[in-house]
Amino acid sequence: MTVRVRFAPSPTGYLHVGGVRTALYNWLFARHHGGTAVLRIEDTDTEREAEGAVDQIQRSLDWLGLEFDESPRTGGAHGPYLQSERAERYAAAVARLVDEGHAYRCFQTAEELEAARARARHTDDPAAPTRLHRDLTQEQIARFESEGRPAVIRFRTPLEGETVIEDDVRGRIAFEHRLLGDTVLMRPGGRPTYQLANPLDDMAMEITHVIRGEDLLPSTPRQKLLVEALGGTFPTTAHLSMILGTDKKRLSKRHGAASVEEFRAQGYVPEALVNFLALCGWSWDGETEIMSLEELIERFTLERVNPAPAVFDHQKLAWMNGAYLRALDADAYAAGLRRHLAEDGSPLADDPRLPALVPMVQEKLGAFGEFDALVGSLLEERAPEPDAWAKLAGDDNAARVLDAAIAALEPLEPFDAEQVEAALRGVCEQLELKPRQAFGPIRIAIAGSTVAAGLYESIAFLGRDAALVRLRHARSAVTG
RNA sequence: GGCGCAUUCGUCUAGGGGCCUAGGACGCCGCCCUCUCACGGCGGUAGCACGGGUUCGAAUCCCGUAUGCGCUACCA
């Protein structure tokens, strides 16, 4: 059997990390088995749909490097892949279900339903309100119709027995039919609900494995019943745990960055995000952490997916991103940095001196977004940090250190990092100061900050004239 | 309330009856390296939710409790 999986987000906004992990596991599973990955957009609830969300989801998946074989963009034999374009299929299925007695019209108003639910809530049959119109007489139907009451279509769930799900992540789970209730399949206007559209499309698209969030586990027996009523075979399921914030609540905007776009904007690389998310609920041997996409494909199995929820650890992601950045070769690093600065709208993006800075920053940055704060002041004139400047003014050695540094650097030839180092070490000896004492004022003068890239390299990068201008400017700010 | 899922260091996890004196990673702490910050190296801190069983033996199997989360929509 050829594996076919799908990632089926609803276009309600940016793709968040929970969705990415679901997409990733689906994709890895498909690639591991040489199967097909389908991207289907579940836009049956037009009211919740966000403008541009479909494009956004596609863009995010592209950036992550998760290419789906069939999607709204690529098309395919099982399309269309937008549920909003599949209306007639849902209508046909519903007509058949009603014909065969598997579904029926329910005329209850929202108020009636709500009142019934309130009454039934603490009884031993809390699902009873959903099946009140399950056996209407012709007379009752005629009366509701003459009143012009709108009807929804409900599925006729068996009253007895149970449905068993054999989940690849969680094992055997049984659900009592009596507690399921009669699911609404279609709204009055003919718009399908998720409970209809989702399993129907999985059937039509010949999906073999449904890998999705645990939040959908309770609706699984309903969908299985529906598929079987239609004569189909329900796919194997694998329900993934939720990704939580540090407060153990489902991850959301409140917890800080949670969407692909935010991580991208901060200068994270997709490989790191993918690697990290792969490890959020799955592991290879419990030891190996850094894995390429190829290795993940090779090693991923549902068997090793952890059923317990996972707290999203920003710090570990940040560490991993830094590890990925450090592993980049200089050209790739420069290219990635340039791309980040350009997307950020930074004027530094086009600076031809960027490659020269790479060796100075590569082991220091956890994300490209930190670049500007570290060395932006070397590329353009910046006001020094007030705290650093104050520290300079309060340093008793500042005046003589700066004087000596200026004297030592002025005649230096050639003006490279090696020579700068020799000169500055000479300054230390001459003044009988330790490097950590003497270099403080010089660093502030050069970088405008107490935290910066390497001092010798920074000075060499600036060149003699610019470096001297900065040192003299700092000298004028201190007395003595 | 009902139904369902889950429960190993602060966090992600390894572990599927004896190999566990519970391993790895992030974080944190200390030391080393060092021009700041990082990187790197070395060391340390810290965990099987609780209670019953089953067994010669349980982190591992069973039951219960507690806690957390999800669902209980004409959202998905």
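So you know, we letter chains A, B, ... as the sequences are listed, proteins then strands, and number each from 1.
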(request) If the plane angle is over 60° it's perpendicular, under 30° parallel, otherwise tilted; pick one for A:F68 and A:F7. (result) tilted
(message) Distance alone, cut at 3.5 Å: any donor-acceptor contact between the side chains of A:D201 and A:Y81?
(response) no
(message) I'd like to know if the side chain of A:N397 pairs up with that of A:Q437 as donor and acceptor (distance under 3.5 Å, no hydrogens or angles considered).
(response) no
Quick one: label [X] by what it contacts on the DNA or RNA (base, sugar-phosphate, nothing), any heavy atom closer than 4.0 Å.
{"X": "A:G281", "value": "sugar-phosphate"}
{"X": "A:Q195", "value": "base"}
{"X": "A:Q315", "value": "sugar-phosphate"}
{"X": "A:E49", "value": "nothing"}
{"X": "A:V311", "value": "sugar-phosphate"}
{"X": "A:Y456", "value": "base"}
{"X": "A:R191", "value": "nothing"}
{"X": "A:L179", "value": "sugar-phosphate"}
{"X": "A:R222", "value": "nothing"}
{"X": "A:P188", "value": "base"}
{"X": "A:S283", "value": "sugar-phosphate"}
{"X": "A:L216", "value": "base"}

Any chance [atom1] of [X] has more than 12 other-residue heavy atoms, nucleotides or ligands included, within less than 6.0 Å?
{"X": "A:E160", "atom1": "CD", "value": "no"}
{"X": "A:E147", "atom1": "CD", "value": "yes"}
{"X": "A:E112", "atom1": "CD", "value": "yes"}

Please pick, from [options], the nucleotide with the shortest atom-to-atom distance to any side-chain atom of [X].
{"X": "A:R250", "options": "B:rC71, B:rA76, B:rC5", "answer": "B:rC71"}
{"X": "A:K316", "options": "B:rA25, B:rU11, B:rC71", "answer": "B:rA25"}
{"X": "A:E287", "options": "B:rG24, B:rC5, B:rC74", "answer": "B:rG24"}
{"X": "A:I173", "options": "B:rG4, B:rU11, B:rA6", "answer": "B:rG4"}
{"X": "A:T44", "options": "B:rA76, B:rG40, B:rU13", "answer": "B:rA76"}
{"X": "A:P309", "options": "B:rC74, B:rG10, B:rA6", "answer": "B:rA6"}

Protein-nucleotide distance ([X], atom [atom1]; [N], atom [atom2]), rounded to Å:
{"X": "A:D215", "N": "B:rC75", "atom1": "CG", "atom2": "C1'", "result": "11 Å"}
{"X": "A:F439", "N": "B:rU34", "atom1": "CZ", "atom2": "P", "result": "13 Å"}
{"X": "A:R170", "N": "B:rU7", "atom1": "CZ", "atom2": "C1'", "result": "12 Å"}
{"X": "A:L374", "N": "B:rC35", "atom1": "CG", "atom2": "C1'", "result": "14 Å"}
{"X": "A:L185", "N": "B:rC74", "atom1": "CG", "atom2": "P", "result": "11 Å"}
{"X": "A:I444", "N": "B:rC35", "atom1": "CD1", "atom2": "P", "result": "17 Å"}
{"X": "A:E214", "N": "B:rC71", "atom1": "CD", "atom2": "C1'", "result": "10 Å"}
{"X": "A:R121", "N": "B:rG1", "atom1": "CZ", "atom2": "P", "result": "9 Å"}

(request) Name the residue closer to the 5' end of RNA chain B, choosing between A:A308 and A:S219 according to the nucleotide with the nearest heavy atom. (result) A:A308
(request) Return the 5'-most residue of the pair A:P9, A:E457 with respect to RNA chain B, ranking by each residue's nearest nucleotide. (result) A:E457
Looking at [X], I'd like to know whether one of its side-chain N or O atoms comes within less than 4.0 Å of OP1 or OP2 on [N].
{"X": "A:R178", "N": "B:rC3", "value": "no"}
{"X": "A:R154", "N": "B:rC74", "value": "yes"}
{"X": "A:R172", "N": "B:rC5", "value": "no"}
{"X": "A:R212", "N": "B:rA76", "value": "no"}
{"X": "A:R40", "N": "B:rA76", "value": "no"}
{"X": "A:K434", "N": "B:rU34", "value": "no"}
{"X": "A:N306", "N": "B:rA6", "value": "no"}
{"X": "A:R326", "N": "B:rG40", "value": "yes"}

Mind checking who [N] pairs with, Watson-Crick or G-U wobble, both distances under 3.5 Å?
{"N": "B:rG16", "answer": "none"}
{"N": "B:rU11", "answer": "B:rA25"}
{"N": "B:rU54", "answer": "none"}
{"N": "B:rC5", "answer": "B:rG68"}
{"N": "B:rU60", "answer": "none"}

(message) Between A:D416 (side chain only) and A:A460 (backbone N and O only), is there a donor and an acceptor less than 3.5 Å apart?
(response) no
(message) With a 4.0 Å cut-off on N to O distance, would you call A:D202 and A:R40 a salt bridge?
(response) yes
(request) Determine, for A:K364 against A:E370, whether the closest basic-nitrogen to carboxylate-oxygen distance falls under 4.0 angstrom. (result) no
(message) Using only modelled atom types and a 3.5 angstrom limit, is any donor from either the side chain of A:K364 or the base of B:rC39 paired with an acceptor on the other?
(response) no
